[in-house]
Trainee: 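This is the structure I have questions about; it appears just below.
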Amino acid sequence: MTNSKRILKKKINTTGTYLILLIVAFFTLMPFLWMLLSSFKSLDQIFASPVTLFPTEFTFKNYITIFKDYNFGRALFNSFYIGVIATGTSIFFCALAGYAFSKLKFKGKNILFLSLVRSLMIPFQVTMVPAYALFNQLHWIDKHIGLIVPGMANAFGIFFMRQYMSGINYEIIESGRIDGCSEFGIFIRLILPIARPAMASLGIIFFMNSWNNFLWPMIILKSSENMTVAVAIRAFNSGVRTPYNLIMAASFVSIIPLLIVFIAFQKEFISGITKGAVKG
Amino acid sequence: MTKFKLSYRFKQKVTPYIFILPFYLLFITFMAYPVVFSLIASFSKWNGVREMEWVGLRNYVNLIQDKVFLQSLINGLVMFLMYVPAMILFALILAILLNKPNIRFKNFFRTAIFVPYITSGVAIAYIFMLIFDSKFGLANKALTSIGLPAIPWLSSILGARFVLGLLVTWKYMGYNMILMMAGLQTIPDSINEAAKID
């Protein structure tokens, strides 16, 4: 093969790659574009025949309606504070247990850890009905505590933290013990600062899961002022015609916070996903 | 001195359990207890309010005779066969393409393909319902504008299955791609070199 032929082949190859990537990116982004365009249409425009790509009459009314008449701001606030509390406590307890499983010696460690990993395979639907009955007795129905407490520690997070902390040197822990630190003191002063990157990764994933959680909040939240974002979007759909204009506006607003978090912390996000899955 | 040593040892022994206690408290209350409860309830007649009444295997006998249940098993299998191979193949191809050293705008492509994964399922469900609406949807508009017939996406079994498979593929393709990229990066370069020489 001559040199020019090889260069030509490489060029075609590269162009093909860009072409495929562009087509895929178009299809992954297109629904978002359609969401955005629809959010500026009135309901009559959405159900117009023939459908137009761009709004014939550009309107901001949907955004005003969801905040003014449907109190969507309240839902955003609820999701935000539930996410922050659940994420914060969960990171802490997962790190604590992950530290114990990776660096401390105790009887029954392997069996306990195995049971923890096995619990990852239990689908939520198995526990859904009994959990509802339990929460009913606790009077946790239609309360945010029912969303926060069950998520305060989870098996995936502990597994993740254990993986990360197994890379920490024992000498650090020993030096803490010699200095007379308590085990908890070692964890707070020496381990947590080292584990900060892992905590950031985990925190982003936890917050995303909490923000997007739908089924359980849908089951236990009843009153409109307690609704989280996902439940509130579902609640728009109560009339004869689905108010797609409002739903699209609310959906677009709901993805903005996660989008910002994702773009700002892309590295942590991706390392959180890959470390949790690939290393294990 | 011995007393101090004893208490120190005792502390050393107990501390790990205290560290893992928060998780196991939650685990027992919200996981183990409900699972056992579900198991017992599956052998009982129970309406959620009154006392349970033991009925043995009757619920299971009813279940395997239930047409909707059997159909849902088939549906689950069909969906699995529909999107899992497709998604893995797409994700692998994209991961290989994005792992090429001379590709620019990698960050843009990666973000664009990954973004569906962080989007709430509720929002995605609605946007797909709107796009695949048989009368007012974008998909049918695109089809009819190039002279193809409109398809009743959501009101036919095949169409609905296709849309659902598409939704799941769309949402999780980027996630799988990221996993595969991480996997590909652990493959030593020497293997790629060897393949190229061959």
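Per chain, numbering begins at 1; letters A, B, ... match sequence-line order.
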Trainee: In this structure, is the centre-to-centre distance between the rings of A:W34 and B:F132 below 6.0 Å?
Mentor: no

Trainee: What part of A:M208 is in contact with chain B, defined as an atom under 4.5 angstrom from a non-hydrogen atom: side chain, backbone, both or neither?
Mentor: side chain

Trainee: Do you know the tightest heavy-atom contact between B:M31 and A:S119?
Mentor: CE-O, 3.2 Å

Trainee: Can you label the angle between the A:F187 ring and the B:F19 ring as parallel, tilted or perpendicular, going by 30° and 60°?
Mentor: tilted

Trainee: Does the plane of the ring in A:Y18 sit parallel, tilted or perpendicular to the ring in B:F109? Use 30° and 60° as the thresholds.
Mentor: tilted

Trainee: So, for A:T28 and B:A112, which heavy atoms are closest and what is the spacing to 0.1 Å?
Mentor: OG1-O, 3.1 Å

Trainee: I'd like to know whether the aromatic ring centres of A:F124 and B:F30 sit less than 6.0 Å apart in this structure.
Mentor: no

Trainee: Is B:F90 close to chain A through its backbone or its side chain, or both, or neither, when contacts mean heavy atoms under 4.5 Å?
Mentor: neither

Trainee: Looking at A:A230, A:S182, A:S254, which has the largest count of heavy-atom pairs under 4.5 Å with chain B?
Mentor: A:A230

Trainee: With only heavy atoms counted, which part of B:T144 is less than 4.5 Å from chain A, the side chain, the backbone, both or neither?
Mentor: neither

Trainee: So which heavy atom on B:I20 is nearest to which on A:A100, and how close?
Mentor: CG2-CB, 3.8 Å

Trainee: Compute the centroid of each ring, for A:Y244 and then for B:F136, and state whether the two points are separated by less than 6.0 Å.
Mentor: no

Trainee: Report which part of A:L96 has an atom under 4.5 Å of a heavy atom belonging to chain B: side chain, backbone, both, or neither.
Mentor: both

Trainee: With a 4.5 angstrom heavy-atom cut-off, could you sort out which part of A:K105 is near chain B: side chain, backbone, both or neither?
Mentor: backbone

